[in-house]
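Take a look at the structure set out below.
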Amino acid sequence: MADITVNQAVGDERPIQPAGRPNLDKGFNPLTMILFLGILAAGLLFVAYSIYVDVDATGVKVTTYLPYMLLFIALLIALGFEFVNGFHDTANAVATVIYTHSMPAEFAVMWSGFFNFLGVLLSTGAVAFGIVSLLPVELILQVGSSAGFAMVFALLIAAIVWNLGTWYFGLPASSSHTLIGSIIGVGVANALLRGRDGTSGVDWSKATEIGYALLLSPLVGFICAAALLYILKFLVRNPALYAAPDGPKPPPIWIRGLLILTCTGVSFAHGSNDGQKGMGLIMLILIGTVPTAYALNRTLPESHIAKFQETSQAASKVIAAKAAGYNVIGDPRPAVTLYVSQRKINEGTYPSLAVLVKDVGEQVRTYGSLNKVPAEAVGNTRNDMYLASEAIRFLMKDKENDLNKDEVATLNAYKGSLDSATKFIPTWVKIAVAIALGLGTMIGWKRIVVTVGEKIGKSHLTYAQGASAELVAAATIGAADVFGLPVSTTHVLSSGVAGTMAANGSGLQMSTVRNLLMAWVLTLPAAILLSGSLYVIFSRIF
């Protein structure tokens, strides 16, 4: 919508907002900016203090500050990704309440930021490690090496650059697509640099699973939002629900409450799903730079160790039975790593895994507790646990595994014990990501809000359209969080708005739809190319 200008008085030309268009240009009160900067400073201090406390609790003396300098830079980049994610994606949650005058723009973004914050804090963590499992296993096992740092910096910088580029042009592209494309790019580049086929650098089964979630979620948003609007029209005959806003007046109280509720749901779901992606990457950074404090979950109770020993012995029997007749001479880890990389069972897979599982059990039994593992052994113990967990994960997916239902249950229980020791997220990491995402929501939201509110349909968004799109987005993202799948808030919400416009006969602005589709199609290949190139450059620098 173009602004209309008329002469208000002699020499006084001011833009007049078209009927129903919200005022997006008020800006923030200076006190709000002071509060913003105060929370940002407090968050950074909290992160630094939390790391100090965790490292001090290990009793290890600091001999060099280089790892902490790298940690600080990497954490700033990771939290920067979540900050950009906040203003890039969460604008979708507030567009409907702003354009229906249910909330003033400046209050809506603060409201959304707060519920993003809560969503991150209350998230499960399943999505975090689903993202991490896409990375090549050899890089995860060597995350503290130069290749590990090159991996983290390449994928995060690539994701930030693409997100900022699409935000600049007002395109609601997907941060989830961007991050996953960046991860795939690093995996492919790493495989090629090691002289392997590029397709071997990524867990394509997991990538396909996530890809289906990302590709289908916009279709779900479009179809379900359109269907919900039809259902509303059939069940609720109140004409006010299907009318565009009457000037700047807020909607009737019950409609306003519904729209605010759906905005809250999308904001919470976005924080719960998208916030976890940054958590997983931050944990990789922490494991690589400060393994003594973060490689193993030192907060597990003593009762867990007894349970671990029980599941370890049961799993060892299952795997040893499959390895009967074969022996492993030397280190079993290369063979297990090869299996995780290539996912092909050979005569050495079960025997090597049997030895590895036995070694892990002996290590835990020797130390008696994870918080008693010596500093010099923490990295090795964690890598052994992670490698065994990933090998079992792929074994249970492999059609050639020859495992019955009871054996699968036994291995699953053992994998759960391994994961509780290695796949954990400290509370302070959740809080740091929550602050970054929540504050990001309050900055730079206008470009995407205008696209969603004005440039998708040919008519002004109605109350029913806004509620339908938001309800479907919140439900879709919430369901994906339960199943540990990353979906795109951006695509679900914007496609939901498009679905309601189509269902209402309002018409679509095809130039915008084309741009959205182009961003949808180009995001993955662009992120793959960008992150792969950065990984090659960084691997030669570090």
Side-chain angles (χ1 to χ4, degrees), residues 125-126 129-130 132-133 137 140-141 203 205-206 295-373 377-424 484:
F129 295 106
V132 169
S133 64
V137 67
I140 294 177
L141 297 179
D203 176 4
S205 62
K206 188 68 177 178
L296 294 174
N297 187 357
R298 293 174 174 269
T299 63
L300 286 176
E302 295 289 337
S303 59
H304 174 83
I305 302 302
K307 180 69 175 175
F308 180 87
Q309 294 293 357
E310 180 184 329
T311 58
S312 176
Q313 289 173 9
S316 185
K317 290 178 182 177
V318 170
I319 298 170
K322 300 294 180 183
Y326 295 92
N327 293 313
V328 173
I329 299 174
D331 187 358
R333 292 161 188 80
V336 180
T337 303
L338 183 66
Y339 169 70
V340 172
S341 299
Q342 299 182 354
R343 271 86 69 186
K344 292 180 180 177
I345 296 176
N346 57 42
E347 65 276 5
T349 301
Y350 279 115
S352 299
L353 183 57
V355 174
L356 181 61
V357 170
K358 185 178 179 182
D359 282 355
V360 170
E362 287 295 331
Q363 290 175 53
V364 175
R365 187 179 303 108
T366 299
Y367 304 128
S369 174
L370 294 183
N371 61 10
K372 294 178 182 176
V373 178
V378 164
N380 290 335
T381 300
R382 185 257 175 193
N383 280 354
D384 286 351
M385 286 182 166
Y386 184 87
L387 186 58
S389 174
E390 288 296 282
I392 290 170
R393 178 167 74 90
F394 287 120
L395 268 180
M396 289 187 292
K397 287 183 177 180
D398 200 315
K399 294 178 181 178
E400 299 178 11
N401 62 28
D402 192 28
L403 295 168
N404 60 41
K405 187 180 295 185
D406 290 338
E407 290 169 337
V408 167
T410 299
L411 293 182
N412 257 325
Y414 177 57
K415 184 180 184 301
S417 296
L418 291 170
D419 290 347
S420 62
T422 58
K423 297 181 179 180
F424 66 102

Hey, can you pull the donor-acceptor pairs under 3.5 Å for the side chains in residues 412-422, sequence neighbours left out?
| unit_1 | atom_1 | unit_2 | atom_2 | d |
| --- | --- | --- | --- | --- |
| K415 | NZ | D419 | OD2 | 2.7 |
| S417 | OG | T311 | OG1 | 3.0 |
| S417 | OG | A413 | O | 3.4 |
| D419 | OD1 | S389 | OG | 2.6 |
| S420 | OG | H304 | NE2 | 3.2 |
| S420 | OG | G416 | O | 3.4 |
| S420 | OG | S417 | O | 2.8 |
| T422 | OG1 | L418 | O | 3.1 |

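For D384, the side-chain contact (heavy atoms from CB on, under 4.5 Å) test picks out R333, L356, V360, Q363, with sequence neighbours left out. With sequence neighbours left out, the side-chain hydrogen bond (donor to acceptor under 3.5 Å, both in side chains) criterion links R298 to no other residue. For S369, the side-chain contact (heavy atoms from CB on, under 4.5 Å) criterion is met by E302, N371, K372, not counting sequence neighbours. Residues satisfying the side-chain contact (heavy atoms from CB on, under 4.5 Å) test with N404, not counting sequence neighbours, are D406, E407. Residues passing the salt bridge (Lys or Arg N to Asp or Glu O under 4.0 Å) test with E362 are R365, sequence neighbours excluded. I140 is linked by a side-chain contact (heavy atoms from CB on, under 4.5 Å) to V132, L135, L284, R382, Y386, counting only residues two or more places apart in sequence or in another chain.
Side-chain contact check for I305 versus Y367: every heavy-atom pair is 4.5 Å or farther apart. Between L411 and I319 the shortest side-chain heavy-atom distance falls below 4.5 Å. Contact of the I345 side chain with the L395 side chain is registered, since non-hydrogen atoms from C-beta on lie closer than 4.5 Å.
For the residue pair V355 and P332, the shortest heavy atom distance occurs at CG1-CG, 3.6 Å. Smallest separation of non-hydrogen atoms from A391 and L353: CB-CD1, 4.0 Å. The two atoms that bring G361 and S312 nearest to each other are CA-OG, 3.9 Å, heavy atoms only.
One distance of note links CG of L370 with CG of L300; it measures 5.5 Å at 0.5 Å rounding. Of the inter-residue distances, the one linking K322 atom NZ with L403 atom CG reads 5.0 Å to the nearest 0.5 angstrom.
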